[in-house]
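Written out below as structure tokens is the structure these notes cover.
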Amino acid sequence: MRLTGIRRGHRFGRGLLFLLGFVAVLGLVCAPDRLQAQGLQAQEGLRWKVGAEAAAIERRIEALLARMTLEEKVGQTNLTGRGDQFRPEWVATGRSGAVMNFLAPTEIRPLQEAAKASRLGIPLIIGLDAIHGYATYFPQPLGQAATFNPELMELSAYWTAREARAVGVNWTFAPMVDVSRDPRWGRVMEGAGEDPYLSAVASVARVRGYHRGGVATSLKHFIGYGEVEGGRDYANALIPRSRLYDVHVPPFAEGVKAGAFTVMTSLSAMNGVPSTGDRSMITDLLKRRLGFRGFVVSDFESIMEMLAHRVAADPAGATRLAMRAGVDMDMFAGFYDRHLAAEVRAGRIPMAAVDDAVRRILRVKLHMGLFDEAPVDPETARAKLITPEARAASLRVAREAMVLLTNNGVLPIRREVKSIAVIGALGIADDDWQYADNASLPRIQRTTLPRELSRHLGSEVTIVGERAFKDSCGLAYGDREAALKAAREAELIVTVMGEECEQIGEGTSRTRLDLSPVQAEMLEDLIATGKPVVLILKTARPFVLTSYVNRVAAIIQSFHLGSDGRVALGEVLTGITNPSGKLPMTFPRSVGQIPISVDMLPTGRPRLKNARYETGYLDESIEPLFPFGFGLSYSPFEVSDIKLDAPSVRLPNGMISGSVRLTNRGERAGKEVVQIYMRQRVGSRSRPSRQFVAFEKVMLAPGEAREVRFSVPARALTFHDDDGKALLEPGDYDVFVGTDARASLTTSVRFLAAR
């Protein structure tokens, strides 16, 4: 086994290091044998063409541009879709080059045919929020990140794309690669958590998966959306230039290198500049320095929202600001449609800017092969949805997406337990509600958790299920007394609680990370029975669990597991599956600890003696409740015997390589994630106490021990100053190895200056 780190430096031209390569993910998700092993077709999928093929496409673009009227060019920049204002004839007349939110192939085919019949026959790009599934749902992206398994992240995106492509959707507004620094932000469920390295791993894996399945990606939201003030959606983000390059740029840079076709701007502002009007970010950073070849699309109506930001006085001014910034396509505001041509004719927007936008849009369509593609066949589309292969893939991901947070020995459920009460609609309700739900598609009738437990434990165990709450939203009681009666009569209580419905996703920021009042009251009542309680959390973000960790028998964090999540839960509860998930975000003890993350900077007064004049709080520990990378198993694992191949490496291209020994001390086969963190001892500016740089998920049989090799490029320790200049400094660095961010197995390596 071999761990390999991502190279984090940037070379943006003047003093900035470009991201030089993605080592970790390529070895895990690209090999044809791995693809065949997971049932994927080793097909080419979507990709940027190169060489003569790419040159021919550029010639075709220029020929098309030469034939287009100004109105036809503007039409390519206009993204419309399902809604009161949409007119199908816009497609036939070239007034709309892209549409969104059409689901049924019977709706999509006429639009495709209308585009082909237009004067120039330019096809539509057809977009949708296919975030973690289309008809078959997978764990939410945050749960996918909890697998710490890039192969499964790619698998999820692949099958999502396969199903979306079957009905004619060819563009997804995903992956979200924002680094989520505040769990109060509702959109953390769409990303890979708080760490830039793990987020970059997920970015590459998901771009490759979507493209392999035939759907173009849109990296979002450029940039800084994951650090909005107070976790408030759409708010401003204050991010120093050094932090921007160290934390927020890497997932976008790696996604661009992986071949992303489009990038979406943010609905927020950064440092007072709305992202949709920020030329320094869109044109200078993304297009020029990162070398992005595709097109940039605004987020929903974000060009219009620059009026509310008060950086434009009228729609024409917002149009000028967005086009000059480098936004190539207007999503739903209609400002480009109504004002762009007039602004060009008045000389306020250069034709060259419009041509560049249209050139980028045509480039994506041609590299996607849309000009040569036949319209979707509605007769065959439905048979390609919710296939056994897609269901099997969803279950496979769900098995590794659960994180066992606490366990006093009650799990897996022991044979002597003869009666179990399953409490909570989230474990029983048969609906398949999901964020970004695609109504009108075939639906999966989900199993229930009591049914799954009965299937594994047998008829000799009495299992009673009670919803307790009105519905899966968990905001009001249903039959509370029946739930309590079942709990009192059982030997073991399993309760599924959390957040669902309109409590998750965009626009659901919170000031408290707690269960709803009725769920919290019910949990207290269940604990008061004196029976052991297993708490299964189905949430879309970290919750504050401080008051429960020592009062329930076990806690499982599930992050919404997808269509077959209850099947996976049944396997984990009964020990058929050994849990192996790890936290992609730090769990705080209190909301007052936020922001808190794995890569916090040190302080001049660290907490050493728990004294007043040391950093910390009067009313709470400074340590997280559960650190980044944390997750228990039914098997105890031991990491030992760290060895480096050499005590020093030469900058800038040296590799820190070595090995550790991983041993399964338990009686069950299981998977453990070996994690590598590093720290610069002394530098020109304060550096993180722990920086996540590499990981490997390893399967071991009971009693098995294995050497795990690791290799981390020295460039992974690159950081930036306030001018955005990249720095990689000689000196001594500590290496920490373990199974979460508290990794205690340590050694050191010296970085030698370049000759």
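The residues of the chain are indexed from 1 along the displayed sequence. Values below: all heavy atoms of this structure, side chains included; hydrogens, waters and symmetry mates excluded.
To the nearest 0.5 angstrom, S684 atom OG is 4.0 Å from F719 atom CZ. Residue M331 holds its CE atom at 12.5 Å from OH of Y336, rounded to the nearest 0.5 Å. The CZ atom of R67 sits 8.5 Å away from atom CD1 of I122, with the distance rounded to the nearest 0.5 Å. With values rounded to the nearest 0.5 angstrom, S156 atom OG is found 12.0 Å from Q140 atom CD. How far CE of M100 is from CD1 of I126: 12.5 Å, rounded to the nearest 0.5 Å. Here T319 contributes atom OG1 and R324 contributes atom CZ; the two are 11.0 Å apart, rounded to the nearest 0.5 Å.
Closest heavy-atom contact between P251 and P196: CG-O, 3.9 Å. What you find for R241 and D723 is that their closest heavy atoms are CG-C, 4.1 Å. Residues A216 and F261 approach most closely at CB-CD2, 3.9 Å, considering heavy atoms. Smallest separation of non-hydrogen atoms from D330 and F335: OD2-N, 2.8 Å. The nearest pair of heavy atoms linking A235 to S268 is O-CB, 3.0 Å. In plain terms, the two heavy atoms of L267 and F300 that are nearest each other are CD2-O, 3.6 Å.
In this structure, the side chain of K287 does not engage the main chain of G294 through any donor-acceptor pair within 3.5 Å. At distances below 3.5 Å, not a single donor-acceptor pair connects side-chain atoms of K49 with backbone N or O atoms of A56. A donor-acceptor distance shorter than 3.5 angstrom exists from the side chain of R510 to the backbone of D514, with no hydrogens or angles considered. Here the side chain of E113 pairs no donor or acceptor atom with the backbone of P375 at under 3.5 angstrom. Side chain of S199 to backbone of V177: no donor-acceptor contact under 3.5 angstrom is found. Under a 3.5 Å cut-off, the side chain of E229 and the backbone N or O of L238 do not form any donor-acceptor pair. Checking side-chain atoms of E227 against main-chain N and O of G224 turns up no donor-acceptor pair under 3.5 Å. Side-chain atoms of E194 come within 3.5 Å of backbone N or O of V598 as a donor-acceptor pair.
Under the ring-ring contact (aromatic ring centres under 6.0 Å, His included) rule, H132 has a single partner from Y210, Y137, F138, F559, which is Y137. Screening R345, R95, R338 for a salt bridge (charged side-chain N to carboxylate O under 4.0 Å, His left out) involving E71 leaves a single residue, R345. The side-chain hydrogen bond (donor to acceptor under 3.5 Å, both in side chains) test with S280 is passed by exactly one of T283, D278, D284: D278. Checking V296, V358, V297, I303 one by one against M329, the side-chain contact (heavy atoms from CB on, under 4.5 Å) holds for a single residue, V297. Under the salt bridge (charged side-chain N to carboxylate O under 4.0 Å, His left out) test applied with K220, the options D299, D129, D178 reduce to a single match, D129. Each of R212, R208, R206 was checked for a side-chain hydrogen bond (donor to acceptor under 3.5 Å, both in side chains) with E154, and the lone residue meeting it is R212.
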ask   = Can you check side-chain contact (heavy atoms from CB on, under 4.5 Å) on V169 and I108, steps first, answer last?
value = CA-CA 8 Å; V169 172; I108 292 173; 4.1 Å; yes
message = I'd like to know whether I223 forms a side-chain contact (heavy atoms from CB on, under 4.5 Å) with L286, so could you lay out the CA-CA distance, the side-chain angles of the two residues, the decisive distance to 0.1 Å, and finally the verdict.
response = CA-CA 10 Å; I223 191 171; L286 177 63; over 6 Å; no
query = Between F292 and L219, is a side-chain contact (heavy atoms from CB on, under 4.5 Å) present by the stated rule, with each step listed?
reply = CA-CA 11 Å; F292 177 58; L219 303 175; over 6 Å; no
request  = Would you check, one step at a time, whether the test side-chain contact (heavy atoms from CB on, under 4.5 Å) holds for H560 with M189?
outcome  = CA-CA 9 Å; H560 289 244; M189 51 77 66; over 6 Å; no
message = Under the criterion salt bridge (charged side-chain N to carboxylate O under 4.0 Å, His left out), I'd like the reasoning laid out for D328 against R363: C-alpha separation, chi angles, the key distance, then a yes or no.
response = CA-CA 12 Å; D328 305 305; R363 181 179 296 133; over 6 Å; no
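Taking 4.5 Å as the limit, every side-chain heavy atom of Q593 sits out of range of all side-chain heavy atoms of T586. When side chains are defined from C-beta on, V364 does not count as touching W171, because their heavy atoms never get closer than 4.5 Å. Taking the side chain as every heavy atom from C-beta outward, T262 and F173 never approach each other to under 4.5 Å. Between M68 and L362, the closest side-chain pair of non-hydrogen atoms falls below 4.5 Å. Here the side chains of K73 and M351 are in contact, with some heavy-atom distance below 4.5 Å. No side-chain heavy atom of V74 sits under 4.5 Å from any side-chain heavy atom of V344. Within the 4.5 Å cutoff, the side chain of M323 has no heavy atoms near those of the E343 side chain. Residues H339 and R320 form no side-chain contact, since every pair of their non-hydrogen atoms from C-beta on lies 4.5 Å or further apart.
No donor-acceptor contact under 3.5 angstrom links the side chains of T276 and S298, judged on distance only. No donor-acceptor contact under 3.5 angstrom links the side chains of W90 and T80, judged on distance only. Y234 and E506 share a side-chain donor-acceptor pair at under 3.5 Å.
Ion pair D599/R181 flagged as a salt bridge, since at least one NZ, NE, NH1 or NH2 atom sits closer than 4.0 Å to an Asp/Glu carboxylate oxygen. The pair R184-D182 meets the salt-bridge criterion, since a charged nitrogen lies less than 4.0 angstrom from a carboxylate oxygen. Ionic pairing of R541 and E499 is present here: one or more N-O contacts between side-chain nitrogen and carboxylate oxygen are shorter than 4.0 angstrom.
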